[in-house]
Amino acid sequence: MTSCRSKSDVQIANEAGILIVGNSNEPKGLDPHLVSGVLESNIIRAIFEGLCVEDPAKDGSSLPGVARSWKSNAEFTEWIFNLNPEARWSDGVPVTAHDFTFSFQRLLSPDPNWPAKYSEMLHFIKNAQAYNKGEIKDFGEVGVKALDDFTLKVNLRGPIPFLPEITKHYTWYPVPKHVVLKHGEMNTAFASPWTRPGNIVSNGPFKLKEWKTNHRIEVVKNPEYWDAETVSLNGIRFLPISNYYTETRMFGDDQLHVTYSIPSEFIPYAKEKYPDQIRQEPYVGIRFLRSNIRRAPFDNPKIRRAFALAIDQKAICEKILQGGQKPAYSITPPFGEYKPPKVIAFDPERARELLKEAGFETSAAFPDISILTTDSDTGRREAEALQAMWKEHLNINVRIMQREWTTYLQKQYDADFDLAAGGWIGDYLDPTTFLEMWIKDGGNNSTGWDSPRYEELLRKAENTADVPTRMGILAEAENILLEDTPVMPIYWYTTNYLLRSEVKNWHPLLLNNHPYKFVRLENN
Amino acid sequence: MLKIILSRIAQTLVVVFFLVTFTFFAIRAIPGNPFADAKATSPEEQAALEAYYGLDRPKIVQYFNYWKNIVTKGDFGDSLSMKGRKVSTLISEAFPVSLKLGFLSLLMGIGLGIPLGTIAALYHNKLPDYLAMIVAMAGICVVAFVLGPIFQVNIARPLQFLNVAGWSRSSDIILPAITLCFGVAAYLARLTRGGMLDVLSQDYIRSARAKGVKPFNVITKHALQPALMPAVTYLGPAFAAIITGSFVVENIFLVPGMGQHFVLGVTSKDYNLVLGLVLFYGILMGIANLISDLALIFMDPKLRKG
C-alpha cells in the first residue's frame with residue numbers, strides 16, 4: 001500500500017511554509033472600507049497593515065506597524081505617528097501619510113452613494129462625524145493631517161489613551177491612493193475592481209495571490225513588506241468552510257492547520273481526540289436577548305428583569321454550549337482595567353417576585369410573546385432552553401420564532417419582535433465597543449431603549465483622560481443599562497477551535513486577531 | 001425533425017420568459033432585505049445601496065431594465081451579496097465545477113442503475129429483485145447529508161489518498177460523485193425495472209425466445225432499447241438538475257459549484273444572482289429535454305411521425 005500513500009495537505013503545506021486556515025465563508029469583499037465581518041477581517045489583516053499591529057502574545061499591547069513610533073500630548077487628544085520610510089505597497093510605492101489621509105477621507109465620505117459600513121470607527125477623530133454627516137464640507141477641518149510624507153498628526157474629539165489599540169482595526173488601515181484612483185474615483189464603491197486579484201496592491205506582510213469564489217483565497221509573502229525578514233510563513237490559504245462538521249473532519253484528516261470553530265456537539269469528542277490541539281479561549285463577545293420595550297409586556301422594566309433573572313445561564317453554558325462560555329452578569333465582559341457591575345444573576349425566586357410586583361399573579365393573563373432567533377441549530381437549541389426555563393421558573397409560555405438570517409435582522413430593524421436573541425463582538429479592547437451601541441436610535445440598539453443619563457455618562461467618559469476614573473464612569477453607565485434591562489445578558493463568548501501543534505507563536509488573544517506575520521510552522 | 005427542434009426551442013424561450021418574470025417578482029416579494037447585515041445598515045447606507053443597484057426604482061422599471069441589460073449588453077447584473085462580482089462571472093466560475101461533478105455522477109448512476117433495474121426485472125419477484133429494489137429504495141431515502149458524512153468518516157479518513165473535503169486534488173471528485181450518483185441510480189433502477197417488465201411480457205419477446213435467440217441477446221438486442229424509454233425521459237431533466245449542482249453535497253464536501261449559489265442566493269436575497277441562475281437553469285432544462293426527446297425519437301420509430 002505504500003505506493004498509494006501520498007502526503008496530506010498539511011504535510012505539503014508545512015514543507016511549503018503555508019498555513020491553511022478554515023475561514024467559515026466566502027468573504028463579501030476585501031475593500032477594508034466596505035466590509036464589516038470577522039472572516040473578511042481575517043484576510044484583510046494578512047494583506048494590509050495599519051499604524052500599529054497586534055502583539056502576538058499580549059492583549060492591549062501594540063507593536064510598530066506602518067508607524068515606527070508614536071506619542072501623544074498629556075491629554076491624549078493629539079497624536080503624532082512617525083511612519084516608517086521603509087514601508088512600501090506591494091508594487092514598491094512607499095506608504096506615506098497621504099495614503100492615510102486619503103483613506104480616512106474615503107471612509108468618511110458624506111457622498112450619499114458611498115455605502116461604507118463602518119465609518120463610525122473613525123468618529124474618534126475631531127470633526128470626523130460632522131464631515132461624515134455632511135455638516136462640514138472641508139476635509140481640512142477634520143483632525144488628521146500629513147505634516148510631511150512620513151508624519152501623521154491626528155487630533156481627537158476627546159482624550160483617548162487607547163488610540164493605538166484602535167488603529168489596529170482595519171477601518172484605520174491605509175488604502176493605496178494611487179491604485180484606488182487608477183481603477184475608479186475615490187468613492188467608486190463596488191464597481192471599482194481595485195480589490196480584484198491582479199489589481200489589488202496592499203502593504204501588509206502578505207499579498208493576494210489567488211481568489212476563487214467559494215473555493216479558496218491564497219495570499220503569499222509580500223517581498224516589499226518593510227519587516228519581511230520577521231515573516232516566517234510563505235503564504236496563507238483561507239478556505240471558506242461554512243460546514244463546521246466538515247471542518248472538524250478535515251482537521252482530523254490533516255487538511256487544516258487551524259479551524260474557525262468547533263460545533264458544540266463535537267466539543268466533548270474533540271477534547272478526547274485532540275486534547276493538545278483544542279483551544280478554548282476567552283473572547284470579547286456577549287450573547288444576549290434584546291427586548292422590544294416599545295410594546296407590552298417588555299415596556300415594563302420589572303418584567304424585563306424577571307425574564308433576565310429566570311435564565312439559568314450556567315445551564316446554557318454547561319449543558320448546551322460546552323465550550324467554556326461564562327455566565328454574563330453584565331454586557332461588557334471584564335477585561336483590562338474595566339470591572340463591569342455585577343447585576344444579572346440567575347435568581348428564579350426574585351424573578352417570580354418581580355413578576356408579581358408587575359401585576360402578573362398568575363400567568364394566565366400574560367400576553368402571547370415570542371423569541372426571535374435565527375434558523376441555525378444552536379439558535380434553536382438556545383431558544384428551546386430559554387423557553388423551558390421561563391416555563392419552569394415563571395410559568396410563562398413563550399413561542400419560538402425562527403427566521404432565516406436576513407429576515408431575522410430585518411424584523412429587529414423594523415422593531416417587530418418581543419425578544420430577540422443576538423450577540424456582539426468587541427472591535428477593540430475598550431468597554432465603549434459594547435456600550436456605545438445602546439445610545440438613542442443607535443443602529444444596533446433595536447430595543448427602543450434610551451437614557452439621557454446613560455449618554456451623559458458616556459460623553460463624560462469621552463472627556464476623561466484618567467483611566468481608572470474613566471472606567472468608573474463607564475461602569476456607572478453600564479449599571480444604568482443593566483438595572484433597566486432592555487438587554488438580557490446570557491453568556492460571554494469563548495473561541496473554540498482546533499490548532500495543530502506545529503503552529504507556533506499563536507497565543508490566546510481576547511480579540512482573536514492573531515498577527516500572521518509572527519506565526520511560524522515548526523516541522524517535527 | 002427540424003420542425004420539432006424549432007418548436008422545442010420556441011417553447012423553451014416562452015417557458016424561460018415566464019419563469020424569469022415570475023421569479024423576478026416572487027423573490028422581491030419574500031421578506032428580508034438583501035443589504036441586512038449583523039452590523040446595522042443605516043437608512044443612508046440602505047438608500048445608497050438601493051440607488052447603486054437600481055432597487056429604488058419602481059419594480060416594473062427594474063423589470064424592464066433587467067431585460068434591457070441582458071438583451072443589449074448581455075449583462076445579468078451584479079451580485080448583491082458578493083459585492084463587486086458579476087452574476088455572469090459567478091456562474092461561469094461555478095458551472096464547470098458542477099458540470100464535471102454532475103456528469104461523472106450521472107455516468108456512475110447510469111452504470112449502476114440500469115444493470116440493477118434489468119437484473120431486478122429478469123428475476124421478477126425473486127431474491128435478486130428484492131435486493132436490487134431495497135438498494136434502490138435506500139438510494140432514494142438515504143439523503144446526501146447522511147451519506148456524505150458517512151463517506152467522510154468511513155472512507156476518506158482511513159484512506160490516505162482521499163481527502164475528507166475540498167476541491168484541489170483530482171481525487172476530490174470521487175466522494176461527492178458517489179454521494180450524488182445514488183439518487184440517480186435508484187430512480188433509474190426503478191424506471192428500468194418497470195420498463196423492462198413491461199417489454200418482457202410483450203409477444204415479440206416471446207417469439208424471439210421461441211425462435212431460440214440466446215437469452216442474453218434477447219435482453220440486449222430486443223428488450224433493452226424499448227425498456228429504457230422511461231429512463232431516458234427521466235434522464236433529460238435529471239441531467240440538467242445534476243449538472244447545476246447540489247447545495248448539500250457542495251456544502252459537505254466544500255465543492256465550489258453552483259448549488260450553493262442557488263440556496264445562498266435565496267437566503268441572502270441576492271435578486272440578481274437568483275434570476276441569473278433561474279434563467280440559466282431554465283435554458284439548460286430546455287436543452288436537456290430537447291436532447292432526451294431527440295433520443296426517444298431515435299429509439300422509437302413510432303415517434304418520428306408525430
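Proteins come first, then strands; the chains are lettered A, B, ... in the order of their sequence lines, and each starts at number 1.
- Looking at A:Ile12, only its side chain comes within 4.5 Å of chain B, counting heavy atoms on both sides.
- Of the atoms belonging to A:Pro115, heavy atoms from both backbone and side chain fall under 4.5 Å from chain B.
- Neither the backbone nor the side chain of B:Phe145 comes within contact range of chain A; no heavy atoms are under 4.5 Å apart.
- To the nearest 0.5 Å, the span separating CZ on B:Arg157 from CG on A:Asp254 amounts to 8.5 Å.
- Under the 3.5 Å distance criterion, the side-chain polar atoms of B:Tyr52 are matched with a main-chain donor or acceptor of A:Ala191.
- For a residue to count as touching a neighbouring chain, one of its non-hydrogen atoms must lie under 4.5 Å from one of that chain's; by this rule A:Trp424 touches chain B with the side chain only.
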Name the atoms and distances for all side-chain donor-acceptor pairs under 3.5 Å in residues 236-243 of chain A, with sequence neighbours left out.
from	atom 1	to	atom 2	distance (Å)
A:Arg237	NE	A:Glu218	OE1	2.9
A:Ser242	OG	B:Asn251	ND2	3.2
A:Asn243	OD1	A:Tyr245	N	3.0
A:Asn243	OD1	A:Thr246	N	3.1
A:Asn243	ND2	B:Asn251	OD1	2.8

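- Looking at A:Glu26 and B:Gln260, their side chains never come closer than 4.5 Å, going by heavy atoms from C-beta outward.
- Only the backbone of B:Leu162 comes within contact range of chain A, with heavy atoms under 4.5 Å apart.
- Using a 4.5 Å cut-off between heavy atoms, A:Asp427 touches chain B through its side chain atoms alone.
- Looking at A:Arg403, neither its backbone nor its side chain comes within 4.5 Å of chain B, counting heavy atoms on both sides.
- Contact of B:Ser42 with chain A is not made at all, since no heavy-atom distance falls under 4.5 Å.
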